[in-house]
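Data block below; observations after.
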Amino acid sequence: MSNANPDDGDVPIYGYDKELRDKLEAKYDVGREQQARAYISEAIGAPVEGEFMDALHDGTVLVHLANAVVPGRLKPNASRLAFKQMENINAFLTVAAEIGCPSYELFQTVDLFEAKNPGQVVDAIFSFSRNAAKKGFRVPPLGPKLAQKQQREWTDAQLREGDKYQSPLQMGYSSGATQSTEKVVFGGHKSIVRNADPFHRYQG
């Protein structure tokens, strides 16, 4: 990942922003980046060349990725204007959410456009691949597949049969204690006898 270089016209970062950037770069997994790059290349039928964040920066590659899964859904904008490029990125994020990617697995536009959090961008590609596979997309997903919901159907007869049985907790199980053994009459009044021998019930 590239750092800001004043000679290239980029604004250098200092202080807390630099510290945060350094921590994110330290956690960045190049192996996952390579997997994400290969996935996109196979999906769109073209190589993703150069530095990964630079290749994705204007959003056009991501638009092509979204269209590979949902054909014709988006129209890429090749403009060099920043807001148009961010529109491309936002459009991809919209499609990603539509196919099932949870918001916490996606990234903010600035995470990619300003390279603030490249790791989250890669994580989003992994999430996109899993949810695309769930929709039947031809390219194998990155990482483990999403679990499929198992729907059980019960007949009325089976439900009625289950109602006949109660668990000990449902029956108020209390280690063998019953109304009879505890000499409790529900709805009655409990009398208190002062100075009574508490052990008289155990004497022969």
Side-chain angles (χ1 to χ4, degrees), residues 1-5 8-11 13 17 20-148:
M1 292 174 293
S2 59
N3 290 318
N5 186 342
D8 295 334
D10 295 328
V11 178
I13 56 175
D17 286 341
L20 181 60
R21 172 73 64 84
D22 290 344
K23 288 181 178 179
L24 291 173
E25 289 187 352
K27 294 194 304 181
Y28 191 75
D29 190 330
V30 176
R32 285 172 63 83
E33 176 200 294
Q34 292 172 344
Q35 294 178 62
R37 184 193 297 268
Y39 174 83
I40 296 173
S41 295
E42 184 174 355
I44 68 176
V48 179
E49 299 175 333
E51 202 278 330
F52 195 49
M53 291 300 109
D54 289 343
L56 304 183
H57 178 264
D58 66 4
T60 55
V61 168
L62 295 178
V63 167
H64 289 307
L65 175 60
N67 282 337
V69 177
V70 187
R73 175 67 173 78
L74 302 176
K75 182 178 180 180
N77 193 316
S79 172
R80 295 178 62 85
L81 295 175
F83 80 94
K84 290 294 184 181
Q85 295 176 347
M86 287 189 284
E87 283 181 357
N88 286 335
I89 297 171
N90 282 325
F92 166 79
L93 293 171
T94 298
V95 173
E98 289 174 354
I99 68 171
C101 297
S103 59
Y104 59 84
E105 291 183 348
L106 296 176
F107 57 88
Q108 300 296 316
T109 302
V110 294
D111 291 337
L112 170 56
F113 194 75
E114 298 180 10
K116 285 185 175 292
N117 194 347
Q120 189 63 36
V121 175
V122 172
D123 289 346
I125 301 302
F126 271 68
S127 178
F128 184 90
S129 75
R130 291 192 297 268
N131 286 279
K134 192 175 179 180
K135 296 291 185 182
F137 187 50
R138 57 181 176 78
V139 181
L142 302 171
K145 292 183 179 180
L146 293 176
Q148 298 291 328

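Crowding of E105 atom CD: a count of heavy atoms from other residues, nucleotides or ligands under 6.0 Å exceeding 12. Few gaps surround CZ on R138; more than 12 heavy atoms of other groups in view lie less than 6.0 Å from it.
Test Q35, R130, R32 against L142 for side chain to side chain contact (heavy atoms under 4.5 Å, CB included) and you get one pass: Q35.
To the nearest 0.5 Å, atoms NZ (K75) and CD (E87) are separated by 12.5 Å. For the atom pair CD of Q108 and CD of E114, the computed distance is 11.5 Å after rounding to the nearest 0.5 Å. One finds the CG atom of N77 at 12.5 Å from the CE atom of M86 (value rounded to the nearest 0.5 Å). Between E49 atom CD and D54 atom CG the span is 13.0 Å, to the nearest 0.5 Å.
When all heavy atoms are compared, the tightest approach of D111 to Q120 is OD2-CG, 4.4 Å. A pairwise comparison of heavy atoms in L74 and P76 identifies O-CD, 3.9 Å as the closest pair. Nearest approach of I125 to A36, heavy atoms of both residues: CG2-CB, 3.8 Å. Residues F107 and L93 approach most closely at O-CD1, 3.4 Å, considering heavy atoms. The nearest pair of heavy atoms linking L106 to A96 is CD2-CB, 3.8 Å. Between R73 and T94 the shortest heavy-atom distance is NH2-CG2, 4.1 Å.
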- Task: Determine, stepwise, if the pair F113 / N90 fulfils side chain to side chain contact (heavy atoms under 4.5 Å, CB included).
- Result: CA-CA 11 Å; F113 194 75; N90 282 325; over 6 Å; no
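The aromatic rings of F137 and Y39 sit perpendicular to each other, their planes meeting at more than 60°, with 30° as the lower class boundary.
Counting heavy atoms from C-beta outward, K84 and N88 have side chains that stay 4.5 Å or more apart. Side chains of E42 and P140 form a contact here, defined as non-hydrogen atoms less than 4.5 Å apart. At a threshold of 4.5 Å between non-hydrogen side-chain atoms, the residues V70 and I99 count as touching. Contact of the F128 side chain with the L62 side chain is not registered, since no non-hydrogen atoms from C-beta on lie closer than 4.5 Å. The side-chain heavy atoms of V95 and V69, taken from C-beta on, include no pair separated by under 4.5 Å. Taking the side chain as every heavy atom from C-beta outward, F52 and L56 approach each other to under 4.5 Å.
For the pair D58 (side chain) and Q85 (backbone), a donor-acceptor distance under 3.5 Å is absent. The backbone N or O of V48 sits less than 3.5 Å from a side-chain atom of S41, completing a donor-acceptor pair.
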